[in-house]
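Below you'll find the structure, written out as structure tokens, and then a few comments.
Below, chains carry the letters A, B, ... as their sequence lines are ordered, and counting in each starts from 1.
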Amino acid sequence: MSEYNFTAIEKKWQKFWLENKTFKTPAKSGKPKFYCLDMFPYPSGAGLHVGHPEGYTATDILCRYKRMKGFNVLHPMGWDAFGLPAEQYAVETGTHPAVTTKKNVDRFREQIRSLGFSYDWDREVNTTDPKYYKWTQWIFEQLYKKGLAYVAEVPVNWCPALGTVLANEEVIDGKSERGNHPVIRKPMRQWMLKITEYAERLLADLDTLDWPEGIKEMQRNWIGKSTGALVDFKTTGTDDTITVYTTRCDTLFGATYMVLSPEHALVAKWLAAGVVKNADAVREYQRKAASKSDLERTELNKEKTGVRLEGVEGLNPVNGGNIPIFISDYVLASYGTGAIMAVPAHDERDFDFAKVFNLPIVQVVAPADSEAAKNASPDPVPYSGECAFTDIASGVMVSSGFLTGLSVDDARKAMIAWLEEKGVGKAKTQYKLRDWLFSRQRYWGEPFPVINWEDGTRSLVEEEDLPLTLPELDDYKPTGTGEPPLAKAESWTNVVRADGVRGVRETNTMPQWAGSCWYYLRYIDPANDKAFADPELLKEWLPVDLYVGGAEHAVLHLLYARFWHKVLFDLGFVPTPEPFQRLVNQGMILGLAYKTKRGVLVPMDQIEWRDGKPYGKEDGGEMELLTEFPAKMSKSLKNVVNPDDVIRDYGADSLRLYEMFMGPLQAVKPWSTKGVEGVHRFLRRANKYVTETPLEDRELTKAEAKRLNAMVKKVGEDLESMNFNTAISAMMVYLNEAGATTTREAAEKFTLCLSPFAPHLGEELWQFLGHADTLAYEPWPAYDPKALVEDEIEIPVQVLGKLRGRVKVAAAATPAEMETAAKANAEVAKFLEGKTIVKVIAVPKRMVNFVVK
RNA sequence: GCCAGAGUGGCGUAAUGGCAGCCGCAGCAGACUCAAAAUCUGCCGCACGCGAGUGCGUGAGGGUUCGAGUCCCUCCUCUGGCACCA
């Protein structure tokens, strides 16, 4: 077997693993468990790209290693198969999304199998399978019964030209991604989930997770906890009270105006009651604000706009002063109370607004060592700074009545006490996190198991009647009114109760996140039709020990899944408060792109290669040498690398090895096909080393034993820490040095070390070495620490920190012995001559350094 | 603007505070070959030097240390995320 016939070898072992169910995971065993989860893919029509196998290879290597270390490993794969592309394809061609989905899933499964991953295929799940989404609906019913699901009118992305509601990611710069039509925010009836009720726990429990610090920080920012106070402002001209939320209640003496969001309920009320004198201008401003997308409203460097409400004024509760009220879109309806007190001297946004409208700016906080702080007068001081003063740490209160002289921190506490005593405010914790908009006006998603009755009541579909399956439709086009496509299936939507009361089924469907919120639970007991999973098995396997996937899911998927898990935990259905104990994000794999001097990107198929150098046509028609740089793989640049091609040319083992050899798993790395050739050569040499070098049956020499044991040690340690690139490097170093002689022991240990990385070749070599069974459950080779001990070592000698020579000393040499040996070295002596030795640093087994004068 | 991460040969990268550049790619030279491919061997940070060697060198500038790619401070650049959240 001298040829490395990777195609035949890989087919052979993939068939073997599948037929023998080599990686079937027993539900229970006496072994310690290791639950290793990949983020399951959306099976797109384009098939896998080289980014998918990166994380999957890393987890596969780790799983194979853990099996050899004696763990019972749960390593499943499935499909997140609801979603827009299949539905859009259905709209265009009339093909049922289930048909498209099945085709894509089959393709994905075949591609994934061709990489030799050790998944337990008996646990495959598919979110579009009614047997699966029965339980997605069941979990929704639990949320509903717990009062965490409700219906509300909320603004959504409505595209009048397309007659449909769009997801946030389908809206780019306020226009529809398809067709570039304007999109406006329109209030529509939607299902919401009360994730906000879990905000504090979702925040606090992050501290218990072994996740990348950056991801935890992103979730913290997303949840956005802030502590402040609610303050009530009475109004003149009406009996209403405006409640504002502020984190700076200490600056209440400096509040010189108020701002309501254009959507604030009191604005509408006052307009209706005729209290507002300039109603036309106010209505016009509201109309303009409503037609703006979120992006337009938050655009940077934008001049502040707004309209004063004439006829109503606010009363500052702390000093009774009359202050004007504005509406402006810089105040968001959905945060806090939708109303603010404006303190222009100490808030950038209020400062900008006050400048535009020429409003008074009153200073109430000053730097501790400033004149203003020393000569604290009780009268208001106009603020003359260029921008707002926001230094909370060193600021001191001025011109603020009973707060004057206090630090910002103390002033806050004092003010809250004052507000509570007077009954005009109280402390309040606020979160940026909003409730989760949980419905889509789409066909290809889980139907809500909900019936709205004509008597105004609403009921859930009985548990025993789940799943509520999707009805067949003739066409999947949007209705044009914003009504979901399911409304067209009248025989499905219209139902009659035993007592004759008629009802209509919910026609919204769930978002794609729903199915992916709990799939890791279903893997544990995928065929169970009595429960989403057996509680005993959940106890056995949870939490997931390692979850690997792209950082694009840093916030939404991971936050939603944590939320559902906590709800299930509270209901006693899962035994842990968190689903994913450890999380690792793999870095994106970039492709190569080419550009001209003037920065024009040239797609791969328009490049002319001359003497191995890329040229592209310039504007003038001249051929120009292009510069190469890494860029995201994209259809437009035509630089997408297809794993099928790599497997055909170099084999799955080479692809796996290269993906891991490129660099650290977490890093962003550019793809290089030349690099694949490099690791492919290594596999060929490895094959030759085992199969063509005579296997001697003898003791290893001391040098051989050291080499072998050092490699085994390094590979094992690097696997534990997921440093796959350096583990591969260690095996390359070993093979480079091991040369043309080997023993059975060395060949077997090398094969076992290589096998998690290149499992097909590993199995083939193991069989060549005379073993009848798979190596998947062979014990991981142990290394002998004694073989690594050296008698004599070479250490560097420095003079004034510069390397001047090397000497050999006994490994156990004392500092004094090292110093003597170092001085004896001719090179070193040259630099010591004529100098006084001030100090000698001799670190055993490390180095010697002379400090001289 | 805010938060996080990263800057090391031509390129991907490696280095418990202790010999910077392991391993791989590309390149150069040689062996084998009629020749090419494949394979094997050697060289391969920059400058000066025939050479031995010397000097410089981990984004920039400071600092701590006998000794800094690694630790501290300031700054620059890039990548990702968030962004009027009161």
For this session: Could you verify whether a donor N or O on one side chain and an acceptor N or O on the other, from A/Tyr335 and A/Ser261, lie under 3.5 Å apart?
Result: no
Exercise. Side chain of A/Ser226: nearest nucleotide among B/rU13, B/rC84, B/rA86?
Worked result: B/rA86
For this session: For B/rG61 versus B/rC28, give the span between their C1' atoms, rounded off to a whole number of Å.
Result: 38 Å
For this session: May I have the distance from A/Leu665 (atom CG) to B/rG5 (atom C1'), rounded to whole angstrom?
Result: 15 Å
Problem set entry | A/Ile223 CD1 to B/rC82 C1', straight-line distance once rounded to whole Å | 14 Å
For this session: Would you mind telling me which residue lines up with the more 5' stretch of RNA chain B, A/Ser672 or A/Ala339, judged by nearest nucleotide?
Result: A/Ser672
For this session: May I ask you to test the A/Lys669-A/Glu659 pair for a side-chain heavy-atom distance under 4.5 Å?
Result: no
Exercise. Counting side-chain heavy atoms from CB outward, which of B/rA86, B/rC23, B/rU13 is closest to A/Leu332?
Worked result: B/rA86
Contacts under 3.5 Å, N or O only, protein and nucleotides 62-68 of chain B:
unit_1, atom_1, unit_2, atom_2, d
B/rC66, O2', A/Asn849, ND2, 3.3
B/rC66, O2, A/Asn849, ND2, 2.6

Problem set entry | Residue-phosphate contact under 4.0 Å: A/Tyr330 side-chain N/O, B/rA86 OP1/OP2 | no
Seminar exercise, completed: From CD of A/Glu303 across to C1' of B/rC84 the rounded distance in Å is 14 Å
Exercise. Taking only N and O in the side chain of A/Arg684, is any of them less than 4.0 Å away from OP1 or OP2 of B/rU39?
Worked result: yes
Exercise. Over how many whole Å does the gap from A/Leu803 atom CG to B/rG18 atom P extend?
Worked result: 15 Å
Exercise. Can you check whether A/Tyr658 and A/His680 have ring centres sitting under 6.0 Å from each other?
Worked result: no
Exercise. Between A/Lys632 (NZ) and B/rU79 (P), how many Å, whole number?
Worked result: 11 Å
Problem set entry | Aromatic A/Phe353 / basic A/Lys304 pairing, under 6.0 angstrom, 45° off normal | no
For this session: Please confirm whether any donor atom in the side chain of A/Lys674 sits under 3.5 Å from an acceptor in the base of B/rC11, or the reverse.
Result: no
Problem set entry | Spacing of A/Met732 atom CE and A/Leu657 atom CG [to the nearest 0.5 Å] | 6.0 Å
Exercise. Using atom C1' of each nucleotide, how far apart are B/rG21 and B/rG7 to the nearest Å?
Worked result: 16 Å
Exercise. By side-chain contact (heavy atoms from CB on, under 4.5 Å), which residues pair with A/Asn221, not counting sequence neighbours?
Worked result: A/Glu217
Exercise. Using a distance-only test with no angle check, is there a side-chain donor-acceptor pair under 3.5 angstrom linking A/Thr241 and A/Asp232?
Worked result: no
Problem set entry | Atom C1', compared across B/rA15 and B/rC3: separation rounded to whole Å | 30 Å
Exercise. Do A/Asn639 and A/Tyr594 have side-chain N/O donor and acceptor atoms under 3.5 Å apart?
Worked result: no
Problem set entry | Between B/rA86 (C1') and A/Asp347 (CG): distance, integer Å | 6 Å
Problem set entry | P spacing across the pair B/rC84 / B/rC76, given as an integer number of angstrom | 24 Å
Problem set entry | N-O pairing of A/Arg220 and A/Glu213 below 4.0 Å | yes
Problem set entry | C1' gap between B/rG9 and B/rG81, integer Å | 32 Å
Problem set entry | Residues A/Arg434 and A/Ser334: side-chain donor-acceptor under 3.5 angstrom | yes
For this session: Mind calculating the distance between CZ (A/Arg412) and C1' (B/rA86) to the nearest angstrom?
Result: 12 Å
Short heteroatom pairs, N/O only, protein and nucleotides 55-57 of chain B, under 3.5 Å:
unit_1, atom_1, unit_2, atom_2, d
B/rC56, OP2, A/Lys802, NZ, 3.1

Problem set entry | Per-nucleotide protein contact string for nucleotides 40-49 of chain B (B base, S sugar-phosphate only, - none; heavy atom under 4.0 Å) | S---------
For this session: Answer yes if the side chains of A/Thr196 and A/Tyr431 hold a donor-acceptor pair under 3.5 Å, and no otherwise.
Result: no
Seminar exercise, completed: In whole angstroms, the gap separating P of B/rG80 from CD of A/Gln586 amounts to 16 Å
Problem set entry | Polar side chain donor-acceptor pair, A/Tyr330 to A/Thr305, under 3.5 angstrom | no
For this session: Hunt down any stem RNA chain B takes part in, defined as 3 or more consecutive Watson-Crick or G-U pairs whose two distances are each under 3.5 Å.
Result: B:1-7 with B:76-82, B:10-12 with B:23-25, B:27-31 with B:39-43, B:45-48 with B:53-56, B:59-63 with B:71-75
Seminar exercise, completed: Glycosidic torsion of B/rG12 (syn if within 90° of 0, anti otherwise) classifies it as anti
Problem set entry | Min side-chain heavy-atom separation A/Val715-A/Met731 under 4.5 Å | yes
Exercise. To the side chain of A/Val331, which of B/rA86, B/rC3, B/rG18 is closest?
Worked result: B/rA86
For this session: Can you sort out which residues in residues 717-726 of chain A have a heavy atom within less than 4.0 Å of RNA chain B? Ascending by number, please.
Result: A/Asn725, A/Thr726
Exercise. Out of B/rC23, B/rA4, B/rU54, which nucleotide sits closest to the side chain of A/Val733?
Worked result: B/rC23
Exercise. Expressed in whole Å, how much space separates the C1' atoms belonging to B/rC11 and B/rC71?
Worked result: 30 Å
Exercise. Centres of the A/Tyr650 and A/Phe6 rings: under 6.0 Å?
Worked result: no
